[in-house]
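For reference, the structure is listed below as structure tokens.
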Protein chains: 2
Amino acid sequence: MTVGATQPVIRATLEDVARAAGVSLATVDRVVNRREGVHAKTVARVEAAVAKLGYRADVAAARLARGQTFRFAFVLPTGSNSFMTSLTEQVARTADWLAGQRGFIDIHHVDVFDPDVLAGALENLSPAYQGVAVIALDHPRVRAAIDDLVARGIAVVTLVSDAPSSSRVHYVGIDNPAAGRTAATLMGRFLAGREGTVAVIAGSLSLRDHTERQFGFHQILTSEYSNLSALPVIEGRDDSDRTRKLTAALLARHADLRGIYCCGAGNRGIADALEASGRAREVVWITHELTEYTRRFLVRGTLDAVINQDAGHEARSAARILLAHCAGEPISPDQERIRIDIFLRDNLP
Amino acid sequence: MTVGATQPVIRATLEDVARAAGVSLATVDRVVNRREGVHAKTVARVEAAVAKLGYRADVAAARLARGQTFRFAFVLPTGSNSFMTSLTEQVARTADWLAGQRGFIDIHHVDVFDPDVLAGALENLSPAYQGVAVIALDHPRVRAAIDDLVARGIAVVTLVSDAPSSSRVHYVGIDNPAAGRTAATLMGRFLAGREGTVAVIAGSLSLRDHTERQFGFHQILTSEYSNLSALPVIEGRDDSDRTRKLTAALLARHADLRGIYCCGAGNRGIADALEASGRAREVVWITHELTEYTRRFLVRGTLDAVINQDAGHEARSAARILLAHCAGEPISPDQERIRIDIFLRDNLP
DNA sequence: CAATTTTTGAGGTACGCAACACAAATTCTG
DNA sequence: CAGAATTTGTGTTGCGTACCTCAAAAATTG
């Protein structure tokens, strides 16, 4: 059985549609581009012809004829952890791809963790940009800066970290509370009824994504796993050295420590401390972001699971969404949905 | 700090390159399209100009000028389980997208589980196709049919199920042994040391993907979780009714049944049997493919984890790979890698 | 140095569509 | 039914590239 074999071998063009509908090219153009001044009956005739011939505008020809070019700014953090480094690289690759699609990406590095600096950077962005992707902070000044850009007709998408109350057109990233809940479920199930304490290490609680993750984590842990009690959240500031010391102290102080959930960076410190303590196999450690380090810890068995967001997917998705928005094209939502990946040693990509 | 702001606001065109290199348009054309008869020194001059101006061919213009159109055949199973239904729908959506990219997809439905029927369908495919995507079987006749297509200059990608020894240009799907290992690790860890037996239900052991999954599953279960012993594999033929009866029998016969791994379809039957037995919460059930049903069982807590391959991603990837192959364009490997997704109740998309 | 080969230039057409100007035909209004 | 308004047609241009032909220039050879 065959479906779709009735499709034309040769694409139907606007001219074919005009001929089929018995009207001129100009009228077809008016209809397909929704211009004014066409009789309803004629519109119907043309649309029937479009449907009959299965006409689809050749996007290559359309883009070429429109002759638009696009300039986007990606505002990313200055020299940072492995995830951000990888994101930057993926954005660079995406830029390379976009260059063939009449689009240009400039990467701006700023200290996105300081609301004033970030807001300032957004405010000073050249008005030549049609779109901006930014690792946002949910802070009044940043929100205002985003709203300001949007008011000036510049499309803004937030990347990795959202500013939900702003007027950004899209958030490209994972649902962080859900990611935290996922981590908690894995923790609870891996520990399967054992009693003890679980430590939560965040980069900083002033980062919305870290807060949301630990919120989701606590939510599930307290409601579903009463055998486990969470210790107060520790701020490791995404710094390996500091995190190592904090983890070592945790391990020394809590003989009943059964699990560690790290919702930020600084994983090398945790690995060092865990391995030095000799309890690496016994303590369940779950963290975020697949990097060359976390991958190694996973393979070695020190790390039990990684919750990941795909930086490449995020970079491409942000670019696609900005492009589609500026060109007035539709997007396919499920292609742009960023998944909460779970990686075990066995399903590493 | 800003990187990349030196990019041109206006794209450089071939003419700009010609002017910069001090040669004619024809020569630049010869160089960028690698035609013969250009002096090495001139090639170098042009390439320097390309690099200096950051010239990138406008893919829209290039496609338009080449005027090529592409016809691909997708060979999918006849009326089948939820996953295949969803895959078919995603292929249809991809076809819609491709229609704007000068490409057409015909969907052919055949009984892909019969090697002779499948091979016959491939042999009878119109030579008008430049590419074929097929849910393959690893069988000599199918392999020969694929090799034959390739020999006739038709690009073949295998989808979901591979024929590794054939000359297909790409396999779009997951690593099935790794998926089985992933399931085993989840099973072993969720059961955390409890003793008992684990049942494995496959659709049919003559399907390579099911065999590979159960192979990976057994591999990890026997080597890492000696507390669990696997029962002989049961063939449910992807049929809910049959699977329900088999599962009910399993539950009745084995009081120490701790887990069920289903590497095929027929999940509704398993859910019915599990829920009827009253042991749904206690038995760990892991299966493949996220469908409306498995999603519901996951939310309800009957099902503990789903190993998934994203049908939308697979459909788009197959189309992109065929298109890139036929148009002689490069692909970006990590965008085309199909991940082994793990879904728990908490990270459902 | 003439003859030959290699390299380069000039110029054109085509791809499918968008965008526009202007004329012609049709319909509506008073 | 004239005049106005609306609707449709004709025609053109340009987007950036691929691909082609033919001639001119330069380099190589005998």
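Only this structure's heavy atoms are used, side chains among them; waters, hydrogens and symmetry mates stay out. Keep in mind that what you see is a predicted model, and the values were worked out from it rather than measured. Numbers restart at 1 for each chain; the letters A, B, ... are given by sequence-line order, proteins then strands.
B/G67 comes within 4.0 angstrom of nothing in the nucleic acid, heavy atoms only. Heavy atoms of B/R63 sit nowhere under 4.0 angstrom from any nucleic acid atom. Backbone-only engagement by A/D58 is indicated by non-hydrogen atom pairs under 4.0 Å involving sugar-phosphate atoms exclusively. Nucleic acid contact for B/A57: sugar-phosphate only, since backbone atoms but no base atoms lie under 4.0 Å from a heavy atom of the residue. In this structure, B/G22 reaches the sugar-phosphate backbone alone: every heavy-atom distance under 4.0 Å involves primed, P, OP1 or OP2 atoms, never a base.
Comparing atom distances between the A/A65 side chain and each of C/dG16, C/dT8, D/dG16 picks out C/dG16 as nearest. Residue A/Y55 has its side chain nearest to C/dC17 when only C/dC17, D/dA18, C/dC15 are considered. Listed nucleotides: D/dA18, C/dT7, C/dG16. Nearest to the side chain of A/T13: C/dG16. For A/L14, the listed nucleotide lying nearest its side chain is C/dA18; candidates were D/dG9, C/dA18, D/dG16. Among the nucleotides D/dA18, C/dA18, D/dG16, the one closest to the side chain of B/A62 is D/dA18. If you check C/dG9, C/dA19, D/dC19 against the side chain of B/A26, the one that comes closest is C/dG9. Closest contact between the side chain of A/L64 and the listed nucleotides C/dG9, C/dA18, D/dG16 involves D/dG16. Checking C/dA18, D/dG9, D/dC19 against every side-chain atom of A/N33, the shortest atom distance belongs to C/dA18.
The pair B/R63-A/D58 does not count as a salt bridge, with every side-chain nitrogen at least 4.0 angstrom from each carboxylate oxygen. Look at A/D147 and A/R168 and you find no salt bridge, because none of the NZ, NE, NH1 or NH2 atoms lies under 4.0 Å from a carboxylate O. A salt bridge does not link A/R339 with A/D310: none of the charged nitrogens is closer than 4.0 Å to a carboxylate oxygen. Ion pair B/D334/B/R337 not flagged as a salt bridge, since none of the NZ, NE, NH1 or NH2 atoms sits closer than 4.0 Å to an Asp/Glu carboxylate oxygen.
Residue B/Q68 contributes atom CD, which lies 14 Å from atom C1' of C/dA14 at whole-angstrom precision. Between the C1' atom of D/dT17 and the CZ atom of B/R30 lies a distance of 15 Å, rounded to the nearest Å. The CD-P distance, from B/Q101 to C/dC17, rounds to 13 Å in whole Å. Rounded to whole Å, the distance from CG on A/D29 to P on D/dT13 is 17 Å. Summarising the geometry, the separation between NZ on B/K41 and P on C/dT6 is reported as 18 Å, rounded to the nearest angstrom.
Ranked by how close their nearest DNA chain D nucleotide is to the 5' end, A/T27 and B/R56 are led by A/T27. Residue order along DNA chain C, read from the 5' end via each residue's closest nucleotide, puts B/T42 first among B/T42 and A/A61. Residues B/L25 and B/E36 both approach DNA chain C. Their nearest nucleotides, taken by heavy-atom distance, put B/E36 toward the 5′ side. Taking the nucleotide of DNA chain D with the nearest heavy atom to each of A/R45 and B/V32, the more 5' of the two is matched to A/R45.
Contact of B/R102 with C/dG16 (side chain to base): no donor-acceptor pair of N or O atoms is detected under 3.5 Å.
In this structure, the side chains of A/E336 and A/P333 stay at 4.5 Å or more apart for every pair of heavy atoms.
Counted by atom type alone, A/R316 and A/T94 present zero donor-acceptor pairs between their side chains at under 3.5 Å.
Contact check, B/R35 against D/dC20: no side-chain N or O comes under 4.0 Å of OP1 or OP2.
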